[in-house]
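Every chain is numbered from 1 and lettered A, B, ... according to where its sequence line falls, protein lines coming before strand lines. Just so you know, these numbers come straight off a predicted model, no measurement behind them.
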Amino acid sequence: MSKVKIINGNEAAALGAKISRVQVVAAYPITPQSKIPETLVKYVDSGEMKAEFIRVESEHSAMTVCISASTVGARVFTATAANGLAYMHEQLHWAAGARLPIVMALANRGLGAPWTIFNDMQDSISQRDTGWMQVYCRDNQEIIDSIIMGYKITEQLHVPMMVCFDGFVLSHTVMPVEIPDQDQVDAFLPPYVPHLQVDGPEPININPVMLADPRVNAEGVDCPSYMGFRLRLQETLESAGDVILKVGQEFGEIFGRDYGCLLWEYRTDGADIILLSMGSLANEASLAVDQLRDKGYKAGVVALRVFRPFPAEPLRAALSDAKHVVIFDKNISYGNEGATCTETKAALFEGDERPVITNYIVGLGGKNVSFADLEAATLKALKRKGQMNGPHWLGVAV
Amino acid sequence: MTTKTVMQLPEEEYILPGTRACSGCGLSLAYRHILKALGEKVILTIPASCLTVLHGLYPSTSVRLTNINTAFATTAASATGIAAGLKALGKTDYTVVGIAGDGGTFDIGIQALSAAAERNTDFLYICYDNEGYMNTGTQRSSATPMGAFTTTTPGTKIEHKKDILAIMEAHSIPYMASASPAYPLDLFDKVVKAKTIYGTRFVHVHIPCAPGWGFPTDDLVKLAKLAVDTGMWVLYEVEGNVFRLTGRSRRMAGSGKKKPVDQYLKLQGRFKQVTAEQIDHLQAWVDNRWERYLQRHEVSNEA
Amino acid sequence: MVAKKDPFISACATLERGEAGRTGDWRAKRPIIDLSKCTPCKKQKDTCYLCWLYCPDGTINRGIPVEIDLEYCKGCGICAQVCPAKAITMEDEEDLLLKECAILNETEAGGEES
């Protein structure tokens, strides 16, 4: 039987790993994620969780341990944030290129310099092009559920996944979370079977040096080039949306919470104004939309649950009736605009009628964003009909 | 157990001929005997290095053991992951072996190596030391000796080689040794011994590199022997807290004979620019280290 | 969509002899063994084999007679230098090839005549 616990986001992430029967954990502490390794160590030391916990000296090594343990066939987990994720960067590419089903919890935090320990999404957005799937959670329930689903998805696709949630806003905030029943999780999530067998009868050399053109192996079989493997990763990510949907639906059938969607929508019926965001900001946007609806505006919320693979098709459908889309980004591609804004514009490029788009950069380094701020910003954008040069930085007085 | 004759070495080869390694490669020679010592039930992990090249280009490999290639800084962390994964899966009959060059060990990989050794991770780390970044075209590493030319020390290196074994010993690991391909039986025995011990084991192997150091390919063994005869390379092992000179170095300790370092230097193009002052420095550095080793060797022998 | 049975999910190399091709082609000098000087051959006893011990490429067999696999021998010359009986000499590969061609031509020419 599932039961409800009042826990914070970090505890939800740790429980997600435990209930997914992770076999190797390697993690390095960083605010605001530290509670995740601390919680997992307790599980392992008490015998509640049968896993190897490796106390690594850095995030670079944390990801490396996950890569090699996953290669030999163990289900692995790690967690990090901000500079820790940036330090992993090289190995994020390696994990995806090696096609390993690693699931990582990420407590989103701003990057130094200067130092901040508080929330924004600059860390994960900066890793957009590493070949990892990225899922963004609105609450603690989604954290535990996304991690369990994460293993099912990654082990089918052989592509790693980051489960992202806002640092402090979720990582340190307690809320009721339904903990799925272990037996049901075991039925939903079979043991991991690696795509390579390191202890097979024939020796293999995994991820060796490649050439630019296909070559023939000893059996006379044409083997892919470097680009051939890169194309396979891209094709897999292109098809990943369907797998995410299917697994989300299956999860819903068993556990009663349906994740058969790549986007979250709120009051979008008949809406011609859309507030677009990710993560916990979607909750504030929903409150702002309630206010706007009360004032007679036909407003709704679209939140990207999955950022990679980018859900361009469902996004186009969700925004098809929108006249004005106001995009709130907790990240900035310096010299351009927020990442979700750029990606949304690209997704809409094919359409005949394109909405007005306004981009706000919000909440960097933990700057508080209330629903009232989002409402006011939306009204301002509507008034100016999008005539705002470049992204507008919300709430920066000095 | 000590291997006394060539006939006692396994005839089995683990490297198929026709590798991409250079002609007269010191690493190929050392690796042949390392793999003979390791035998079956081994999983290797190797960072970007000459050894990556020796293992071959996709889709072929020349080595009869499974290898997991890994990023440059990560050898020891990768070995940790393999060991943890195998343990979690109950596959405890494998020996995990990380093999990296001096760049991957002394420089970019030292953080992960130090951490793995501090945790006493159950694996064998082999550093093959060709005293520079040979695979990228002979740049300086912290293992390059004083007075050597590299492409990033065109006026020769002014600092001494880093003492990696002293660093490893400071981690109180259960076994460490230095070895040379000029003495394959000694190398073989050390790897065999290291294979059986639990915890982090470290074997440091001298790898003369003909193209990188500037000597004729057929001089490999002669040069590697001279390194030992001059004390530029010393064969020893530390097991528990017991220090032992081994093989040729042990015999040198008995005879008291050690050749001057310039006999070793003058055979190599990389030391062409070495100054008289640098030779004195190198000689003093070698003599000082040798004296310390002799004292430790005697103390161990008395105990 | 990538088929599930794609054998190329990630790059994984398998064993092949001559991974870099016939590396004997790299050779500038060829080792020639004089078996009348070679210690194990002379004594008909498994002994010495320093050439086998020190060959970086594992192209020399440990047996009687000692043989070198010229298909893969890269011609480094270490065997010649370590041989205590001086039974191995390094000879210029080009000269040897020219000689071999000459012999071959003579044989062919002789064949035509008869």
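Ion pairing of A:Lys42 with A:Glu48 is absent here, as no side-chain N (NZ or NE/NH1/NH2) approaches a carboxylate O to less than 4.0 Å. We find that B:Asp122 and B:Arg201 are joined by a salt bridge, their nearest charged nitrogen and carboxylate oxygen being less than 4.0 Å apart. Look at B:Lys190 and B:Glu237 and you find no salt bridge, because none of the NZ, NE, NH1 or NH2 atoms lies under 4.0 Å from a carboxylate O. Contact check on B:Glu131 versus B:Lys161 returns a salt bridge, with a Lys/Arg side-chain nitrogen under 4.0 Å from an Asp/Glu carboxylate oxygen. Note on B:Arg64 versus B:Glu13: no salt bridge recorded, every NZ/NE/NH1/NH2 to OD/OE distance being 4.0 Å or above.
Put simply, of A:Pro208, A:Ala218, A:Ala74, the one with the most heavy-atom pairs under 4.5 Å next to chain B is A:Pro208. Contacts with chain B were tallied for A:Asn205, A:Val76, A:Ile67; A:Asn205 has the most, counting heavy-atom pairs under 4.5 Å. Listed options B:Ser78, B:Ala79, B:Gly56, B:Ala115 were ranked by heavy-atom pairs under 4.5 angstrom with chain A; first place goes to B:Ser78. Most heavy-atom pairs under 4.5 Å with chain A, from the set B:Leu89, B:Thr61, B:Leu86, B:Thr80: that is B:Leu89. Contact count against chain B (heavy-atom pairs under 4.5 Å) is highest for A:Ile54 among A:Val221, A:Ile54, A:Thr71. Interface check for chain A: of the options B:Val63, B:Thr70, B:Thr121, B:Leu44, the most heavy-atom pairs under 4.5 Å are formed by B:Thr70. Highest contact tally toward chain B, considering only A:Pro224, A:Ser225, A:Ala26, is held by A:Pro224 [criterion: heavy-atom pairs under 4.5 Å].
Within the 4.5 angstrom heavy-atom criterion, no atom of B:Lys41 approaches chain A. There is no contact between B:Val53 and chain A, counting heavy-atom distances below 4.5 Å. The contact between A:Glu90 and chain B is made entirely by side chain atoms (from C-beta outward), counting heavy-atom distances below 4.5 Å. In this structure, chain A has a heavy atom under 4.5 Å from the backbone of B:Leu65, while its side chain stays farther away. In this structure, chain B has a heavy atom under 4.5 Å from the side chain of A:Gln91, while its backbone stays farther away. B:Ile68 touches chain A through backbone and side chain together, each having a heavy atom under 4.5 Å away. Of the atoms belonging to A:Ile204, heavy atoms from both backbone and side chain fall under 4.5 Å from chain B. Residue A:Tyr192: no heavy atom, backbone or side chain, is found under 4.5 Å from chain B. Of the two parts of A:Val24, only the side chain, counted from C-beta on, holds a non-hydrogen atom closer than 4.5 Å to a non-hydrogen atom of chain B.
Residues B:His204 and B:Phe106 place their aromatic rings such that the two centres sit under 6.0 Å apart. Between A:Phe53 and A:Phe77, a ring centre-to-centre spacing not shorter than 6.0 Å is recorded.
Looking only at atom types and distance, the side chain of A:Gln182 has a donor-acceptor partner in the side chain of A:Asp186 under 3.5 Å away.
Here the options are B:Thr66, B:Asn69, B:Thr74, B:Ile82, the test is side chain to side chain contact (heavy atoms under 4.5 Å, CB included), and the partner is B:Thr45; only B:Ile82 passes.
In this structure, B:Tyr31 and B:His55 have tilted ring planes: the angle between them lies in the 30° to 60° band.
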